[in-house]
Amino acid sequence: MDLAKSAVLFFTLSSLSLVEGLDNGLARTPPMGWNSWERFRCNIDCENDPKNCISEVLYREMADALADGGFKQAGYEFINMDDCWMSKARDAQGRLQPDPLRFPNGLKALADYIHSKGLKFGLYQSMGLKTCAGYPGIWGHIEDDAKTYAEWGIDLVKMDSCYNLGKKLFGEGFINMSRALIETHRPIVFSCEWAHELNPNFTEIGEYCNSVRDFEDMQDSWDKVLFILDWFASMQDILANASGPGRYNDADFLIIGDFTLSYEQAQSQMALWSVMTSQLFMSNDLRDIDPKMKEILLNLEVIAVNQDKLGKMGKRIYKNSYFEVWTKVMENGSYAAVIFSRATDMPHNFTTTMKDLKITDSPLYSVRDLFKHKDIGNFKQNDKLEVSVNPNGVVMIKATPTNNEQNASLWKEGK
Ligand code: GLA
């Protein structure tokens, strides 16, 4: 079936079934947690690499690190098991089963362990004949697998779309899965990966999915961070209209704490993913993470921007050869702004005003630096705000409407 026909199928089905949309009450703010894929991939060699292979030990240890390392308290609540957890074949009754050697206690026991830490447990599947790594896909088993997940105590399903028979399984499969999950009566976040389809209708998808992976896979690479960022900017009007409470975009993993990003780049990914209101899943080794990177991931003021209750996606409002500026509307008339420098030579100054930032609802804003955790001062519409931004770095601010003129221009006087 060609793309056009698959789109017709999708829209026809969407108007016939589940007309109420995915009203499961979940993901009112972007889901947050940890996922194994970017860091641990499909390493199934537990004999030679027991610490890092895809096994129940890995997920238990990450649950410990998430719960004991302060991540859970900051909002990271899901442990997501990605591809390669399954046995290569279903059991005699056609049920999915985890690899028996790597998950000897089964997934119910693993879910119980993760729940005992106050966390939630997500798993990966593919809307197709196989997962991307070649394990059994869900096609032909949608209702049964949804029931199995509920029995195991799964809280999130990440649904990929490899081996989808030339995309013909897309619309029908995702819609049926969305309904099958609701019919289990267990609250299960439905996280969809639509990245294999060209120009999908993101607004329609949001009727069936709590989050949508829109674009390419993250790698441990700064270039990939920029590539994904630029795609989001190019699509921002469509994506912003399609997202909100219960239906968020997924710009893919935070790679902060992996091997590649510098301190400045890590701050930038954290700030930009937060202002874009992407779901936030780290893929790193939480058992052994640089304390400075951990501090970035646990920046509560930045996380609060991502988790703002309005759920609006921020947009890029300005770009020149070095700088770009992203802003996000938040609750109670506040805004977040990220001033990001792509310079690779030295810190550069950026001068702006509330008016330039299009933060114009109130005559006066109190402005706070979210990485320095310091109030900068109060700014009228045309007051100049000058910041120095490090190469590949950001300055991230929150502007809150205020009536208090007392501190106006405090920062500019150097006090
Ligand atoms: C795709 C997805 C990744 C990961 C792998 C697993 O590439 O985009 O996030 O789930 O499949 O095989």
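Positions are given from 1, in the same order as the sequence printed here. Start at 1 and go down the list; that is how both ligands and their atoms are numbered.
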Tell me the disulfide (SG to SG under 2.5 Å) pairs involving residues 292-329, sequence neighbours left out?
->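 Sorted result for residues 292-329: empty, none.
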Any heavy atom of [X] closer to ligand 1 than 4.0 angstrom?
| X | result |
| --- | --- |
| Glu38 | no |
| Lys158 | yes |
| Thr131 | no |

Taking only heavy atoms of [X], which atoms of ligand 1 are found under 4.0 Å from at least one of them?
| X | value |
| --- | --- |
| Arg213 | 8 (O), 9 (O) |
| Cys132 | 1 (C), 11 (O), 12 (O) |
| Asp160 | 1 (C), 2 (C), 10 (O), 11 (O) |
| Asp83 | 6 (C), 12 (O) |

Is [Y] paired with [X] through a side-chain N to carboxylate O contact shorter than 4.0 Å?
| X | Y | value |
| --- | --- | --- |
| Asp217 | Lys224 | no |
| Arg247 | Glu207 | yes |
| Glu331 | Lys309 | no |

For ligand 1, find out whether one of its N or O atoms is nearer than 3.5 Å to an N or O atom of Trp37.
-> no
Partners passing side-chain contact (heavy atoms from CB on, under 4.5 Å) against Gln97 (at least two apart in sequence or in another chain) = Ser87, Asp91
Side chain, backbone, both or neither: which part of Asp252 comes within less than 4.0 Å of ligand 1 when only heavy atoms are counted?
-> neither
Side-chain donor-acceptor pair present, Thr400, Ser366, cut-off under 3.5 Å =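 On atom types as modelled, these side chains do not qualify, holding no pair under 3.5 Å.
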With side chain to side chain donor-acceptor pair (under 3.5 Å) as the test, would you mind laying out the steps for Arg287 and Asn52 before giving the verdict?
-> CA-CA 11 Å; Arg287 300 166 300 187; Asn52 300 310; 3.0 Å; yes
